[in-house]
Amino acid sequence: MSATPNAGETAVYLPSDAFVKNAHISGMAAYDALCQEAATDYQGYWGRLARELITWKTPFTQVLDESNAPFFKWFADGTLNASYNCLDRNIERGLGDKTALIFEADGGEVTKISYSELLAKTCQIANGLKSIGVGKGDRVIIYISMSIDGVAAMQACARIGAIHSVVFGGFSAQSVRDRVQDTGAKAIITADQQVRGGKHLPLKAIVDEALSLGGCESVQHVLVVKRTGAELPMTAGRDLWMSDVIAHQPTVCEPEWVEAEHPLFLLYTSGSTGKPKGVQHSTGGYLLHAALTTKWTFDLKADDVFWCTADIGWVTGHSYITYGPLALGGTEIVFEGVPTFPDAGRFWKMIQDHKVSIFYTAPTAIRSLIKAAEANAAVHPKSYDLSSLRLLGSVGEPINPAAWEWYYREVGGNRCPIVDTFWQTETGGHMITPLPGVTPMVPGSCTLPFPGIQAAIVDETGKDVPNGQGGILVVKKPWPSMIRTIWGDPDRFVKSYYPADFQGKYYLAGDGAIRDEKTGYFTITGRIDDVLNVSGHRMGTMEIESALVSCTELVAEAAVVGRPDDTTGEAICAFVVLKRSRPEGDEAKAIAKQLRDHVAKEIGPIAKPKDIRFGENLPKTRSGKIMRRLLRSLAKGEAITQDTSTLENPAILTQLDQTY
Ligand code: ATP
Ligand code: MG
């Protein structure tokens, strides 16, 4: 693969000829042809793919029903079962003995499970759920850490048509209670404990606490998986050990054939912008896009070992652990632990040990591992054999060009394309992303829409803006895996995603973006409310963050927000984590000056942060995203009144008080 400088400024990285030749989608002409097919016959295009990738019990006769927009229906009269598509069908194709999941526990123990074994386990759990009265349409909360049981529990719900809602194992009792109440769940699947970074942490005890907070009368049973064997109080009549419930259950369970629009799951967004919303996904359209994007974006092949490091508590873990790779008969890693335990070389060691060929992680993990690797050569990727890798991916936040370059060079050995995948909980799967055998890559840009996705950039009135001019990211046509509604709150769904500003026609992503003048490539500039107006100059916070992080000798991570300012309208406030320890006093002042000069050089003096604050870390959600709404309050000097229940490290807030 070669890096060719483009017009003297942006580096463009081309996939190697060998990669292009073997890729599922090979070359720009193939990409253009798919886009053309979708442009000419939108429904024909999605209908064709839905027939090719999904096995239907009853074939659909209508692709898209727009009669009750924006509550769109896809493949509505078709019936299918997601778990059948992910398990049975692979076995019918002769993959029964193929390893489906390679589970690596926090302490390093490895368990492999084949497709046949995973199906048997899934069926036992499914039968167990039925035996306690859970059936089609019932909601089941899954509050468990990364495990084979977690994936099987999700598949088991899908098998019987129950709607799962996975709650990330780091959430508090209050958050669990809120989700139980909002979903009206009939059962909760959890474990005695979870193990993270060598520590045993409670799960069942938090469920007990959540249920004791009241308002959870819908819950009839709590099923408890044994993970650590910790002593636990069990409430008679309510709490059951999973092992007892499934002990005598048959390993076969006829799938419940559901309509394509039957909800497969509810997932609450992480809450970096407000009260979590119960995003409702369908079975048919969702599964199609999860499978299709796994095939085209990750170029998944029969002999790949795929590793998505996301937790099943996030949508990434749904689409790229539980559903997409299994629907294609892939082999994938399920990892219980954290990237820094026993040391920050864990990811690299696991790639080496399991010969991972496709690796998908988040910028926040990459940035923290860069910091660790630069401080300690033993945990640097070059101390490991990463030659099995052929493709890398990034998701969750914009990846700063500096981090992209490091990932490409140090992890990918200048050999692996990076797919910077832009998407959301609400979109179900990738929306804007390079295809690895097609797209010349530009660090920091998620490049071009996935074939068929009508992404565009408009102004406040819904008018297209020309390339080179930033605006609001929208999707002009419905797509199969889109959010169907917000559970229990259809008005909020319409207001949030199909606002009247665009006559209710366009899906509003909530992110700002800009397209390159020449290439038309998309770059995400941040959330819409992250655009700053300083003395009449509009700037994306992301751009300033990238400038700060490009000061690679000093800065590990940066977040930029605006605060009101009497003279400039808005002032730029930067929260910075250095690669060294947090500075104070005169030293902090000197570094702040150095950073301002650096930003002035990179973007221009107008972008110099007025306030700079240093922390040992930044406030993040449990999924590792920077909580900008909190930073905005800090920048304004307001008391923190927001819900901080999803905050990973509350102690950081006090460090970030001092301005330089
Ligand atoms: P909430 O909606 O509750 O505030 P969230 O938006 O962080 O939470 P997700 O659905 O997990 O929850 O994240 C989607 C968002 O993450 C996108 O809207 C975008 O802001 C950001 N994002 C994801 N991937 C990328 C990417 N590759 N490049 C830039 N931004 C990305
Ligand atoms: Mg969001």
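Index from 1, following the sequence. Just so you know, ligand 1 is whichever comes first in the structure, and atom 1 is the first atom listed for that ligand.
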Enquirer: Do any nitrogen or oxygen atoms of Ser394 come within less than 3.5 Å of a nitrogen or oxygen of ligand 1?
Expert: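 No; every N/O pair is 3.5 Å or more apart.
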
Enquirer: With distance as the sole test, does Asp459 use its side chain to make a donor-acceptor pair with the main-chain N or O of Gly462 at under 3.5 Å?
Expert: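 Answer holds: yes.
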
Enquirer: Quick one: are Met154 and Ile312 in side-chain contact, heavy atoms under 4.5 Å?
Expert: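 They are in side-chain contact.
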
Enquirer: Does Thr421 come within less than 4.0 Å of ligand 1, judged by its heavy atoms?
Expert: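 Under 4.0 Å: yes for Thr421.
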
Enquirer: Applying a heavy-atom cut-off of 4.0 Å, say which part of Trp423 lies close to ligand 1: side chain, backbone, both or neither.
Expert: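 The answer is the backbone.
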
Enquirer: Under the side chain to side chain donor-acceptor pair (under 3.5 Å) test, which residues partner Ser368, sequence neighbours left out?
Expert: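 Ser368 satisfies side chain to side chain donor-acceptor pair (under 3.5 Å) with no other residue.
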
Enquirer: On a heavy-atom basis, I'd like to know which of Lys625, Met431, Glu397 is closest to atom 15 (C) of ligand 1.
Expert: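 Answer by nearest heavy atom: Lys625.
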
Enquirer: Between Gly396, Ser496, Ser445, Ala509, which one has a non-hydrogen atom sitting closest to atom 21 (C) of ligand 1?
Expert: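 Among Gly396, Ser496, Ser445, Ala509, the closest heavy atom to atom 21 (C) of ligand 1 belongs to Gly396.
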
Enquirer: Would you mind listing which atoms of ligand 1 come within a distance below 4.0 Å of any non-hydrogen atom of Gln424?
Expert: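 Near Gln424, the atoms of ligand 1 are 10 (O), 14 (C), 17 (C), 18 (O).
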
Enquirer: I need the contact type for Thr425 against ligand 1. Using non-hydrogen atoms and a strict under-4.0 Å cut-off, is it side chain, backbone, both or neither?
Expert: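 Answer for Thr425: both.
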
Enquirer: Any cation-pi pair here, Arg515 with Tyr521, using under 6.0 Å and within 45°?
Expert: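 Not flagged: Arg515 not positioned over aromatic ring of Tyr521.
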
Enquirer: Can you tell which part of Pro398 has a heavy atom less than 4.0 Å from ligand 1: side chain, backbone, both or neither?
Expert: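 For Pro398, backbone and side-chain atoms both sit under 4.0 Å from ligand 1.
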
Enquirer: If we check side-chain hydrogen bond (donor to acceptor under 3.5 Å, both in side chains) with Arg484, which of these qualifies: Gln280, His281, Glu261?
Expert: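 Testing each of Gln280, His281, Glu261 against Arg484, the sole residue satisfying side-chain hydrogen bond (donor to acceptor under 3.5 Å, both in side chains) is Glu261.
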
Enquirer: Where does Ile524 meet ligand 1, judged by heavy-atom distances below 4.0 Å: at the side chain, the backbone, both, or neither?
Expert: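 Just the side chain.
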
Enquirer: With a 3.5 Å cut-off and sequence neighbours excluded, list the donor-acceptor pairs that the side chains of residues 497-511 form with protein atoms.
Expert:
{"unit_1": "Tyr497", "atom_1": "OH", "unit_2": "Glu426", "atom_2": "OE2", "d": "2.7"}
{"unit_1": "Tyr507", "atom_1": "OH", "unit_2": "Gln424", "atom_2": "OE1", "d": "2.7"}
{"unit_1": "Asp511", "atom_1": "OD2", "unit_2": "Gln424", "atom_2": "NE2", "d": "3.4"}

Enquirer: Is the backbone N or O of Gly396 less than 3.5 Å from a side-chain atom of Lys625, with the two atoms forming a donor-acceptor pair by type?
Expert: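 Yes, Lys625 side chain to Gly396 backbone: donor-acceptor pair under 3.5 Å.
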
Enquirer: Could you establish whether Gly510 and ligand 1 come within less than 4.0 Å of each other, counting only heavy atoms on the residue side?
Expert: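 It does not, in that no heavy atom of Gly510 comes within the 4.0 Å cut-off of ligand 1.
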
